[in-house]
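We count ligands from 1, going down the list as the structure has it; atoms in each ligand are counted the same way.
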Amino acid sequence: MRTSIATVSLSGSLTEKLTAASRAGFDGVEIFENDLLASPLSPEEVRARCADLGLSIDLYQPMRDIEAVPAEEFARNLRRARHKFELMRRLGADTVLVCSSVHPLAVDDDSLAARHLSQLADLAQESGVRVAYEALAWGRHVNTYTHAWSIVEAADHPALGTCLDSFHILSRGSDPKGVADIPGEKIFFLQLADAPLLAMDVLQWSRHYRCFPGQGGFDVAGLVRQVLRTGYDGPLSLEVFNDVFRQAEAGPTAVDAHRSLLVLQETVGVAAPPAPVVPTGVAFAELVTPDAEPVAAVLGALGFSRTARHRSKPVDLWQQGEARILVNTSGAARRTGTGLAAIGLESPDPAGAARRAEALLAPVLPRRRAAEDAPLDAVAAPDGTALFFCATDRPELPNWRADFADVAGESGGAGVHRIDHLALTQPWHHYDEATLFHRSVLGLHAQESVDVADPYGLMRSRAVTNADGSIRIALGGGAAPTDDTVHAQHIALATDDVVAAARRFRQAGGRLLPIPANYYDDLAARHEFAVGELETYRELGILYDRDAHGEFRHCYTLTVGRVFFELVQRDGYRGYGAQNAPVRLAAQHTARAVIGG
Ligand SMILES: O=C(O)c1ccc(O)c(O)c1
Ligand SMILES: [Mg+2]
């Protein structure tokens with residue numbers, strides 16, 4: 001289906017918005033009046049720019065407070081409409097949106113509203129324009145889509161139809177089944193937005209918290225299915241008023257937006273991109289660092305051994321059980337410092353996973369970093385992390401491991417057997433985008449988002465997982481001023497005995513994050529522990545949580561650059577310790593103040 005986006009959904013000048021929409025693959029735009037008024041381009045220039053960019057102008061919007069107003073008011077409205085229809089002729093736009101009136105003098109009189117809209121439609125028709133009447137959820141007298149449709153039906157004018165907007169319908173809890181009563185050709189336009197389920201005034205909710213389909217709590221797909229059954233063949237158009245998107249860069253937002261429509265079309269069965277290939281585990285995590293020594297010291301103390309070296313690049317493989325960490329000292333990190341740059345995802349079908357990712361607009365990275373390397377499909381996540389689709393030691397497929405030559409690593413270890421989860425800090429304005437990306441591109445399941453108090457702001461966190469929990473990525477982000485050293489990425493390592501692993505780490509010279517004594521007093525109040533157990537946790541800085549499925553014990557290393565490690569002992573527990581994150585964040589701020597990072 002054709003896809004469109006309202007300019008109000010993107011940041012920047014009109015030109016920037018149009019360019020971003022075009023690059024992201026949209027077919028058309030809704031031009032929001034304020035964007036045109038503020039643009040130095042003439043309507044003819046806007047029209048030409050859209051044509052150059054391959055965009056149609058699918059809607060001009062909005063006209064307000066038109067119907068069911070006193071006669072002199074309505075006369076002024078018709079005068080205004082004449083001007084706007086002339087403007088639309090210059091723009092080459094043939095459909096105008098009219099929102100249901102919020103005018104204080106508007107009367108509750110459907111037949112007057114129908115007469116007014118019919119008169120407006122007469123005028124529109126003379127200019128070759130169609131009028132799409134939309135019920136605002138906070139309209140003074142008309143605030144449901146069924147009511148707006150009954151007025152359009154009564155007016156019975158060929159140039160008058162209705163505009164359905166998923167936000168106005170779903171925010172009020174209206175039943176979308178009523179859409180079946182509207183003939184498809186009378187649905188002149190379909191606007192789509194999702195929103196988080198918030199208990200607040202509907203106007204504020206609409207103007208500040210809309211998001212792209214799949215990022216909120218509405219059943220947008222259910223509504224779209226209803227609309228498609230009517231035979232509607234206009235565009236799927238996003239109209240998202242959102243404070244974050246207003247500030248974020250238009251290019252990535254437009255890609256995120258278009259991805260949401262691709263996924264929506266897949267959900268309702270009108271598009272079939274390559275099927276998701278759900279990853280089955282973590283093949284490796286790759287750190288970049290300008291200086292391998294501090295990272296090597298921490299990995300060594302954690303029980304890792306350097307087991308192999310890349311044949312052509314300064315990349316070492318550190319391994320313990322099935323946990324593999326690549327340490328890359330090539331140039332890039334000199335600018336960025338030590339950080340988590342890439343994740344290898346074990347994939348049942350790496351090429352298929354890459355095709356899915358590409359179809360959903362993930363930037364594809366070069367398959368071979370050097371001529372002699374095994375070809376490896378990779379894409380960039382919204383935060384820039386490279387995701388490699390790997391087949392480790394499967395003879396029929398290229399093996400990244402074959403690029404590495406074994407070196408004599410000392411054995412031993414600290415009982416770490418695999419990577420339990422990875423935590424990626426998202427730039428604050430990419431949090432919803434990151435969730436949709438990981439869900440749709442990788443086929444992971446998103447858990448509930450939780451608020452996490454940081455001493456200097458509020459973070460949000462949510463895990464995306466596969467069915468058996470062998471992939472668990474915690475996405476963190478939020479309004480807190482991000483401090484790279486505290487809001488760092490982290491790699492959580494699974495062990496069956498966190499106390500033993502923590503002790504070994506310390507004995508080997510590693511430094512664990514100190515946790516305040518008050519935390520343990522609170523633990524003692526909340527849970528019963530065996531004699532001496534809590535004292536051990538207190539001594540080592542081990543945190544504790546439990547859920548309906550089991551227990552979780554975990555502790556943290558100090559941060560190296562922008563990354564730190566966590567040792568976790570997971571006994572049935574299904575979360576990732578988010579309950580303890582406020583204490584961890586505060587402790588990290590303290591540690592940084594005391595130790596200086
Ligand atoms: O918030 C508004 O005013 C507004 C304007 C136009 C729309 O299509 C809409 O859904 C809301
Ligand atoms: Mg709307």
Side-chain angles (χ1 to χ4, degrees), residues 3-10 17 28-38 57-67 69 77 80-81 84 88 93 95-104 106 117 120 129-149 151-152 160-174 176 179 182 187-195 198 200-213 216 218 220 223-224 227 232 234-246 257 260-261 264:
T3 57
S4 190
I5 185 167
T7 53
V8 72
S9 318
L10 300 170
K17 292 168 190 246
V29 288
E30 300 177 25
I31 293 203
F32 208 69
E33 183 155 80
N34 289 354
D35 286 316
L36 181 80
L37 301 190
I57 301 179
D58 295 328
L59 189 77
Y60 184 75
Q61 72 134 321
M63 288 178 67
R64 302 180 188 272
D65 295 336
I66 295 287
E67 81 288 13
V69 291
N77 287 348
R80 187 154 51 95
K84 297 302 172 190
M88 288 174 64
T95 307
V96 68
L97 179 86
V98 171
C99 300
S100 62
S101 186
V102 298
H103 199 284
L117 288 172
L120 181 76
V129 166
R130 310 189 311 163
V131 175
Y133 181 54
E134 171 190 49
L136 295 179
W138 56 91
R140 187 161 164 81
H141 302 294
V142 177
N143 44 41
T144 62
Y145 78 97
T146 46
H147 193 177
W149 162 239
I151 292 171
V152 169
L160 179 67
T162 189
C163 167
L164 298 178
D165 178 322
S166 64
F167 180 87
H168 298 301
I169 296 171
L170 300 172
S171 64
R172 296 186 53 105
S174 299
V179 170
I182 311 176
I187 301 174
F188 280 6
F189 211 72
L190 175 60
Q191 294 179 315
L192 300 175
D194 201 342
L198 302 169
M200 70 187 302
D201 171 70
V202 73
L203 186 149
Q204 300 300 332
W205 191 13
S206 176
R207 295 254 174 98
H208 303 281
Y209 296 95
R210 289 187 183 208
C211 54
F212 298 124
F218 291 164
V220 180
L223 175 69
V224 171
V227 174
Y232 170 78
L236 299 176
S237 188
L238 297 168
E239 189 201 37
V240 167
F241 305 84
N242 179 296
D243 294 0
V244 173
F245 298 153
R246 277 180 194 276
S260 82
L261 282 187
L264 180 71

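Residue-ligand proximity, Leu97 to ligand 1, at heavy-atom distances under 4.0 Å covers atoms 6 (C), 7 (C), 8 (O). Ligand 1 places these atoms under 4.0 Å from at least one heavy atom of Trp138: 1 (O), 2 (C). The contact set between ligand 1 and Cys99, taken as ligand atoms under 4.0 Å from a residue heavy atom, comprises 5 (C), 6 (C). In summary, the atoms of ligand 1 found under 4.0 Å from a heavy atom of Glu239, numbered by their order in the structure, are 6 (C), 7 (C), 8 (O), 9 (C), 10 (O). The atoms of ligand 1 that sit less than 4.0 Å from any heavy atom of Gln61 are 6 (C), 7 (C), 8 (O). Atoms of ligand 1 lying under 4.0 Å from at least one heavy atom of Arg207, given by number and element, are 1 (O), 2 (C), 3 (O). Residue Gln191 approaches ligand 1 through these ligand atoms, each under 4.0 Å from one of its heavy atoms: 8 (O).
Phe245 has its ring centre less than 6.0 Å from the ring centre of Phe212.
Looking at atom 11 (C) of ligand 1, its nearest protein heavy atom turns out to be Leu136 CD2, 3.6 Å. The nearest protein atom to atom 10 (O) of ligand 1, hydrogens excluded, is given as His168 NE2, 2.6 Å; this is a heavy-atom distance. The nearest protein atom to atom 3 (O) of ligand 1, hydrogens excluded, is given as Arg64 NH1, 2.6 Å; this is a heavy-atom distance.
Taking 4.0 Å as the cut-off, Met63 does not count as a neighbour of ligand 1 on heavy-atom distance. Using 4.0 Å as the threshold, Phe241 has a heavy atom nearer than that to some atom of ligand 1.
Residues meeting the ring-ring contact (aromatic ring centres under 6.0 Å, His included) test with Tyr145, sequence neighbours left out: none.
Between the side chain of Arg130 and the backbone N or O of Phe188, at least one donor-acceptor pair lies under 3.5 Å. A donor-acceptor pair is defined here as one N or O able to donate and one able to accept, closer than 3.5 Å; no such pair exists between the side chain of Glu30 and the backbone of Ser4. No donor-acceptor pair under 3.5 Å is formed between the side chain of Arg172 and the backbone N or O of Thr144. When atom types are taken as modelled, the side chain of Tyr133 and the backbone of Leu117 share no donor-acceptor pair closer than 3.5 angstrom. At least one donor-acceptor pair under 3.5 Å links the side chain of Ser100 to the backbone N or O of Val142. Listed for the Asp194 side chain is no donor-acceptor partner under 3.5 Å among the backbone atoms of Cys211.
Considering backbone and side-chain atoms alike, Ser206 places every N or O at 3.5 Å or more from each N or O of ligand 1.
The Mg ion (ligand 2) has Glu134 OE2, Asp165 OD2, Gln191 OE1, Glu239 OE1 as protein N, O or S atoms under 2.8 Å away.
Pairing each heavy atom of Gly139 with each of Asn143, the nearest pair is O-ND2, 3.2 Å. Across all non-hydrogen atoms, the minimal contact from Val8 to Glu239 is CG1-CG, 4.3 Å.
The pair Arg80-Asp65 fails the salt-bridge criterion, with no side-chain N (NZ, NE, NH1 or NH2) lying under 4.0 Å from an Asp/Glu carboxylate O.
With a 4.0 Å heavy-atom cut-off, ligand 1 is reached by the side chain of Arg210 but not by its N, CA, C or O. At a heavy-atom distance under 4.0 Å, no atom of Leu203 approaches ligand 1. With a 4.0 Å heavy-atom cut-off, ligand 1 is reached by no atom of Phe189.
Residues Ser9 and Phe32 fail the side-chain proximity criterion, which asks for heavy atoms closer than 4.5 Å.
Surrounding CZ of Phe241 are more than 12 heavy atoms belonging to other residues, nucleotides or ligands, all under 6.0 Å away.
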